[in-house]
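Notes for the one structure printed next.
Note that ligands are numbered from 1 as they come in the structure, with each ligand's atoms numbered from 1 the same way. Worth saying up front: this structure is predicted, and the values here are computed from it rather than measured.
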Amino acid sequence: MGIAVFSPPLGEHRKSERGVKVFEELAERFNLHVFHGVSQEVTVGRCERGFDRPPRRSDRAKLGNKTLSTPYLETEEERDRSGNGIHSPFQDFLEQLHQKYLPLRDGTPYLSEPDLVEINPDWFGICAVTVDGDVYAVGDYEQPFLIQSISKVFAYGMALSDRGRDYVLQKVDVEPTGDAYNSIVKVEESSKRPHNPMVNAGAIATTNLILGNSPAKRLNRVLEMYKRFIGHKVFVDTPTFVSEQHCGDRNWAISYLLRNFGMIEGSISETLDLYLQQCSAIVNCRDLAVMGATLANDGINPMTGTRAIAAPYVRDLLSVMYTCGMYDFAGAWVYNVGFPAKSGVGGGIIAVVPGQMGIAVFSPPLDKRGNSVRGIKVFEELSQRFGLHIFDPTTSVDTFLQWMRETRT
Ligand SMILES: NC(=O)CC[C@H](N)C(=O)O
């Protein structure tokens, strides 16, 4: 359906005041949010072409390979290079993507200070984990690297769980900035709160909200949260943390401004340390894909069955990833790729195909916005090839999972 509201009086941001209220209530009452209950089998608005209602399980079964074999690749030969020994045309496609983009040499890896660690610009891993727990992986998917800004999604989830949505929204807004991730220009008194939790200012304010009686206990809670999402313990890379603490004048400046405007409370060094520690956690591409799959699966880790975050907050994380996850490239990403994602300067990009799978790419060379160059290419091609854009009218994303299930052996 289409919905329209007409009412002339304009409220905040010059939008029809009654209009906004009506849409907020409609969305809430009928669960119309596109990321509501992402893992539910039948989702309003995801209609297969040719169906006059959302497809049911039986409809999708009927579609089978017939409809889907045309746009997708056929298996050329039996191969077993994936994370859990799956043979499938999707695995073959990931391998082809890897081969295709490995020679791409654009971009520069991020270093907080020169020669701190060695980063190989040719590291390149791709991993997809479905809500069934199937792993498709290629290249350096087990190479450890820094989670960096991808942590912002998960810290936001913690703040929401600790303080509730209403309180967090008062402290951190959800508006995209169109500025660089570490921009300081939009941190000003009149805005009352940082723009969104995916840029540094908003992320530092978000971390400020995480509960715990001491710095160590707060850090432990963050690490425990990562563990629920990943399925195993993760560690903070101490040299990176120390280096970012030492060289991160911009983040110190942002933090002081935030406190000056009353946007954060308490010790600046305590909050900034926790933020930098959460960024310095070591993960690999497979870990990120599992974290993405957990969000795709309504907050339950498909490998362990553990709930990592309460279901109502998953939608909030996916929404801010969708609108603000790729720094000042977020608009083009939504246009071209069209599913929620978050990048980090460590070279990782995590993405979520709601209800179906998490996908992660790791490749350190970054473009000038701080996004992995190979990562962007891989996601653009994956989205186009398999019609994964959430507004793609030709391919129901539910059907993609079905196809993956049917073609794997
Ligand atoms: N975009 C990023 O990944 C930035 C993370 C980095 N630790 C910073 O705060 O500047």
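- Interface of Val345 with ligand 1, defined as ligand atoms under 4.0 Å from a residue heavy atom, comprises 1 (N), 2 (C), 3 (O), 4 (C).
- Remark: minimum distance from atom 2 (C) of ligand 1 to any protein heavy atom is reached at Ser149 OG, 2.5 Å.
- Between Glu265 and Asn208, the side chains place no donor N or O within less than 3.5 Å of an acceptor N or O (distance only, hydrogens not considered).
- Remark: minimum distance from atom 9 (O) of ligand 1 to any protein heavy atom is reached at Tyr275 OH, 2.7 Å.
- Between the side chain of Trp333 and the backbone N or O of Thr323 there is no donor-acceptor pair closer than 3.5 Å.
- Looking at Gln277, Gln148, Lys152, it is Gln148 that brings a heavy atom closest to atom 6 (C) of ligand 1.
- When each of Gln96, Lys377, Glu381 is tested with Tyr101 by the rule side-chain hydrogen bond (donor to acceptor under 3.5 Å, both in side chains), just one qualifies, namely Glu381.
- The ligand atoms of ligand 1 that sit less than 4.0 angstrom from a heavy atom of Cys279 are 7 (N).
- Proximity of Ile150 to ligand 1, defined as any heavy-atom pair under 4.0 Å, is not found for any part of the residue.
- Ring centers of Phe386 and Trp403: under 6.0 Å apart, within the cut-off.
- For the pair Arg374 and Phe124, the cation-pi test (distance below 6.0 Å, angle within 45°) is passed.
- With hydrogens and angles ignored, the 3.5 Å screen pairs no side-chain donor or acceptor of Asp367 with any backbone N or O of Gly107.
- Ligand-side atoms of ligand 1 in range of Tyr327: 1 (N), 2 (C), 3 (O), range being under 4.0 angstrom from any heavy atom.
- Residue-ligand proximity, Glu244 to ligand 1, at heavy-atom distances under 4.0 Å covers atoms 6 (C), 7 (N), 8 (C).
- With ligand atoms numbered from 1 in the order given, ligand 1 contributes 8 (C), 9 (O), 10 (O) to contacts under 4.0 Å with heavy atoms of Asn200.
- Side-chain polar atoms of Thr207 and Gln278 form a donor-acceptor pair below 3.5 angstrom.
- Residue Gly344 approaches ligand 1 through these ligand atoms, each under 4.0 Å from one of its heavy atoms: 3 (O).
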